[in-house]
Amino acid sequence: MVASILPLHLTGLEVHRRGKRLLGPVSMTLKGDGTTVIIGPNGSGKTTFLRALHGLERCTHDAAKWQADEETVRARQAFVFQSPIMMRRSVQDCIAYPLILAGQGKTNARAAAAEWAERVGLSAALTRPAHVLSGGEKQKLALARALIRQPELLFLDEPCANLDGRSTREIEVILADARQSGTRVVMSTHDMGQARRLADDVIFLYGGLIHEAGPKDAFFSAPKTPETRAFLNGDLLP
Amino acid sequence: MNDILLGLAEAARLIVSFDPELIEITLRSLQVSVGAMVIASAIGLPFGAWLAINRFRMRRVVIALLNALMGLPPVVVGLIVYILLSRSGPFGVLGLLFTPTAMVIAQVIIITPLIASIAHQAIRELWADYHDLLISLNTTKSQRIRALLWDGRRALLTASLAGFGRAIGEVGAIMIVGGNIDHATRVLTTAIALETGKGEFALALALGFVLIALAIAVNFAMHALSRTERSGRW
Ligand SMILES: Nc1ncnc2c1ncn2[C@@H]1O[C@H](COP(=O)(O)OP(=O)(O)OP(=O)(O)O)[C@@H](O)[C@H]1O
Ligand SMILES: [Mg+2]
């Protein structure tokens, strides 16, 4: 068993843009297992938070302490973006790309890509150019591409935002499988049903700050602050 | 008007009769310009991509310089290459002056900035698209450049063809470094200049039509080639 890159300790993580603080200060520990779901209203900083964790945002120096060196940490994560990025390639080649990067042969990588396409329900689209896919299909592609290297830590930014009910359930099954096989999932969602189904822990972001966080059951059954209660009830936040 | 008609007729006659001299200089034109295009693309395309993905202090200066180099007067390039390659120049020992190689060198200098600049524009847009994904996938710089060059190949083909177009129609530099020597360095453009000087307008025009036809044919051929590829739909 290779040493894990987790837990991740954050102390005073902040993200600033144009003199404005978008996130933080955030201090918390991301434990080594389970699924963490980040919820919060539009503009509360969910995307910024996920991107900062993944190393895509310039943020406070030394605020994040991983259990491995930077190279290992980078190599063992994957990210599914809120708006999926499609390369100008076929669906199969898009999904295979991370394996090609990792030095796998083209034939192997493509075979693995075909398997993953099957799992996310894109078998019929293998040879199509990725950019002609529908919004939901693009999200499925992005998920397959993220999972193909079997990352230790997987970030998903509203992975089911464009999916119909059935596809959402299919994706949730895949995410639950990934979790079973040891992938640590950190995701954001606006779908409270999904948060209840997938989460072990929930983080409620509001105004760039962690307003409340804890195990799913306690969080949903007994929210501590009026803001959390209001958000969960769908009321206007103060 | 009459001259143009005569030129067309002469062009038709030369082509239909497979005039050996015409074939020779046409092939040499192709050889020099395609050679220059290939070499300049091998330099200019990766450089354009490299420039698109790197942030460094002198970046703006380099881009401005590149754009300025696009307007480099070919005659001056020819003159400088001539001096460098002439017997008393630093590369004189190579004996390259008045050879097709010297012509290729001059043309590479003329069209590389053009190819690099167009490539830079195209790759910069693609990089804006791909940035987050390629960073997230933990790619190395060379992997990024390779992905961008490959996925941007349609636009890059246009860059190379623009370079070819400039090379095949160029006369000032190759006249100086090639010398327009019969059976050695004469190409379509220098032949046209020569025939015009002699007052042989019909022949000059005929060569001109062949030149235009050649440029169009090469463009079509390259596009057709890229389209036969399945993923060429992008
Ligand atoms: N580069 C930037 N410059 C300035 N402001 C930014 C920048 N990026 C994000 N913001 C702002 O930061 C805030 C948080 O944005 P973020 O995308 O993290 O929200 P979110 O919680 O993901 O929202 P949503 O639910 O709509 O996806 C927003 O108000 C946004 O306008
Ligand atoms: Mg977001």
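Chain letters run A, B, ... following the sequence lines, proteins first, then strands; residues in each count from 1.
Of the two parts of A/F81, only the side chain, counted from C-beta on, holds a non-hydrogen atom closer than 4.5 Å to a non-hydrogen atom of chain B. For A/L56, the part lying near chain B is the side chain, with the backbone staying farther off; criterion is any non-hydrogen pair under 4.5 Å. The contact between A/Y97 and chain B is made entirely by side chain atoms (from C-beta outward), counting heavy-atom distances below 4.5 Å.
In summary, A/D157 and A/K46 do not engage in a salt bridge, as defined by a charged side-chain N under 4.0 Å from a carboxylate O. Salt bridge absent: B/E170 and B/R166 never bring a charged side-chain N and a carboxylate O closer than 4.0 Å.
Under a cutoff of 6.0 Å and an axis angle of 45°, B/R124 and B/W127 do not form a cation-pi pair.
Counting only distance, with no hydrogens or angles, the side chain of B/T190 and the backbone of B/R186 share no donor-acceptor pair below 3.5 Å.
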